[in-house]
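Letters A, B, ... are given to chains in the order of the sequence lines, protein chains preceding strands, and every chain is numbered from 1.
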2 protein chains.
Amino acid sequence: MADGTIYLYFKNKDDILVQFFSYKAKQVFDLFREEVFRAEHAVEKLRNLVRRHLDEFQRDRNMAIVYQAETHQNCRSVEPQIREMAKMYLDIVSEIVEQGQADGSMRKDLYLSLVKRFILGAVDETINHWLHSGGKYDLVSMADPLIDLFIRGIGNTPQMQ
Amino acid sequence: MADGTIYLYFKNKDDILVQFFSYKAKQVFDLFREEVFRAEHAVEKLRNLVRRHLDEFQRDRNMAIVYQAETHQNCRSVEPQIREMAKMYLDIVSEIVEQGQADGSMRKDLYLSLVKRFILGAVDETINHWLHSGGKYDLVSMADPLIDLFIRGIGNTPQMQ
DNA sequence: GTTAAATGAATGAATATTCATTCATAATTT
DNA sequence: AAATTATGAATGAATATTCATTCATTTAAC
C-alpha cells in the first residue's frame with residue numbers, strides 16, 4: 001500500500017488508532033460476552049473471560065503491543081476513547097462478581113471498583129510479561145493459576161471440612 | 001533551563017531516562033527494604049511494601065507517569081534497563097512470599113513467578129487508574145484493601161472457627 | 001582575564017500529511 | 001458492441017511537522 005492511501009480511509013494517525021480499537025473492541029467484547037454467558041456459575045464465567053482475554057491477546061500480538069502502550073500513556077488525545085474500552089471490560093467483571101456475591105460463591109465485603117482493577121491489572125501484567133519475554137510460552141495456560149489466585153488469594157486459610 | 005543544557009550532563013535522551021531510573025531506583029528500593037525489614041510477619045511486610053510503593057508513586061507523579069509509559073512499551077532500547085528495576089521489585093515480593101510459605105501464613109501450592117506478577121500487576125493498575133483519574137483521591141488508602149484481596153482473594157470460603 | 005557553564009537558534013532525520021496524477025473499471029454514447 | 005467518457009480508488013513525490021541533538025555565542029564563576 002502506498003503512503004497516502006490510508007488517508008482516504010482515516011482522518012489522521014490517531015483516527016486509525018481509535019477506529020481500529022473500536023472495531024476490535026466490538027469483535028472481542030462479543031466473544032467475551034458469549035464466553036461469559038456460556039458458563040453458569042460466576043467463577044466459571046470469570047475463568048472463561050480471563051481465558052478468552054489471554055487467548056485474544058495471544059492471537060493478535062500487535063494489538064496487544066499497541067493496547068499495552070496506549071492504555072499506559074497519559075496526555076494522549078486518544079486516551080479517553082481507548083480507556084472507554086477498558087471500562088466495558090471492567091463492567092463485565094463487575095457483573096460477574098455481583099452474580100458471585102448473589103449466589104454466595106464470592107465474598108460480600110468487596111470493594112468492587114478495586115476488585116475490577118485488581119483482576120484487570122493482574123491479567124494485564126501477565127500479558128505484559130508475556131510480550132516482553134518475546135511470547136515464547138503459552139499465555140492461555142496462565143488462566144487457571146490466575147483464577148486460583150483471584151478466588152483463593154495467597155493466604156493460607158485452613159478450610160472447613 | 002535551555003534546550004541544549006541537558007546535553008552537557010547526559011549523552012542523549014535515553015541516557016536521561018536510564019540515569020534517572022537508576023538514581024530513583026536506588027533511593028526507592030532502599031526505602032522498600034527498610035519498610036520490609038521493619039515488619040516481622042510476611043503479610044505485614046507485604047502490606048508495608050505495597051503501602052510504600054503507592055506512597056512513593058503518589059509523591060512523585062511525574063515519575064509514575066514515565067514509569068507506566070516505559071514499562072509498557074515494547075521495542076524501546078532502554079527497556080531492558082528499566083525492566084531490571086521491576087525485577088528487583090519482584091525479587092522482594094518473592095522473598096516475602098517464600099517467608100510466608102515457611103511460616104505457614106501463605107499457601108505452599110503457589111506458582112511463585114505468577115504470584116509476583118499478580119501482585120505487581122494489581123498495584124500497577126491501581127496506580128494507573130489513579131493517574132488517569134487525575135490523582136484526585138488518596139492512593140495509599142488502597143493498600144489495605146489490596147492486601148486483603150491478595151491474601152484472601154474474592155472467593156467466599158467459609159473459615160474454620 | 002581566563003575557564004567553565006548555560007543558552008537557544010539552527011539542524012536534520014524521522015515521520016505525518018497532502019494532492020496532482022494515474023489507471024482499471026463502469027457507465028454512456030454512437 | 002465498439003468507442004468514448006466518467007469515476008474514484010490507489011499512488012508516491014512533495015510538503016509539513018516534530019523533535020532529538022548540535023554548536024557558535026553569551027553569561028557567570030573564579
Side-chain angles (χ1 to χ4, degrees), chain A residues 1-28 56-57 59-88 124 127-128 130-135, chain B residues 1-29 56-57 59-88 124 127-135:
Chain A
M1 201 182 67
D3 293 5
T5 311
I6 201 151
Y7 289 95
L8 299 173
Y9 300 93
F10 301 94
K11 219 170 87 264
N12 52 36
K13 205 189 160 195
D14 277 354
D15 188 45
I16 299 169
L17 209 64
V18 170
Q19 289 222 209
F20 166 72
F21 269 113
S22 77
Y23 166 80
K24 191 83 192 178
K26 254 187 268 302
Q27 251 193 345
V28 167
E56 285 304 318
F57 277 64
R59 270 201 156 75
D60 193 343
R61 194 160 189 277
N62 290 327
M63 184 264 287
I65 289 171
V66 177
Y67 177 88
Q68 285 289 328
E70 291 299 324
T71 52
H72 290 84
Q73 211 116 10
N74 252 256
C75 325
R76 296 272 293 104
S77 57
V78 292
E79 187 208 300
Q81 289 169 89
I82 288 169
R83 296 226 108 225
E84 185 65 30
M85 274 142 230
K87 209 191 149 299
M88 283 203 269
D124 252 19
I127 292 169
N128 199 34
W130 175 78
L131 281 176
H132 281 96
S133 77
Chain B
M1 202 183 66
D3 292 7
T5 311
I6 200 150
Y7 289 95
L8 300 173
Y9 300 92
F10 300 94
K11 221 171 84 261
N12 53 38
K13 204 190 164 197
D14 279 353
D15 187 45
I16 299 169
L17 210 64
V18 169
Q19 288 223 211
F20 166 72
F21 269 113
S22 76
Y23 166 79
K24 191 83 193 177
K26 255 188 268 302
Q27 253 193 347
V28 167
F29 280 111
E56 285 304 316
F57 277 65
R59 268 198 158 76
D60 193 343
R61 195 162 188 277
N62 291 326
M63 184 264 287
I65 290 171
V66 178
Y67 178 87
Q68 285 290 327
E70 290 300 324
T71 52
H72 290 84
Q73 211 115 12
N74 252 257
C75 324
R76 296 274 290 105
S77 56
V78 292
E79 188 207 301
Q81 288 169 87
I82 288 169
R83 295 228 111 224
E84 185 65 29
M85 274 143 228
K87 210 192 149 297
M88 283 203 269
D124 252 20
I127 293 169
N128 198 35
H129 181 268
W130 176 78
L131 281 175
H132 285 279
S133 77

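Separation of atoms CD (Glu56(B)) and CD (Gln27(B)) is listed at 7.5 Å; rounding is to 0.5 Å. In this structure, the separation between CD1 on Ile127(B) and CD on Gln68(B) is 6.0 Å, given to the nearest 0.5 Å.
Under a 3.5 Å cut-off, the side chain of Thr5(A) and the backbone N or O of Met1(A) do not form any donor-acceptor pair.
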Polar atoms only, N or O, under 3.5 Å: list the protein pairs with nucleotides 17-26 of chain D and their distances.
from: dA20(D); atom 1: OP1; to: Lys13(B); atom 2: NZ; distance (Å): 2.7
from: dT21(D); atom 1: OP2; to: Tyr7(B); atom 2: OH; distance (Å): 2.9
from: dT21(D); atom 1: OP2; to: Lys13(B); atom 2: N; distance (Å): 2.7

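In this structure, Leu17(A) places its CG atom 12 Å from P of dA16(C), rounding to the nearest Å.
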Donor-acceptor pairs under 3.5 Å, side chain of residues 16-26 of chain B to any protein atom, not counting sequence neighbours: which ones?
from: Ser22(B); atom 1: OG; to: Gln19(B); atom 2: O; distance (Å): 3.3
from: Lys24(B); atom 1: NZ; to: Asp60(B); atom 2: OD2; distance (Å): 2.8

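Exactly one of Asp124(B), Leu131(B), Asn62(B) qualifies for a side chain to side chain contact (heavy atoms under 4.5 Å, CB included) with Tyr67(B). That residue is Asp124(B).
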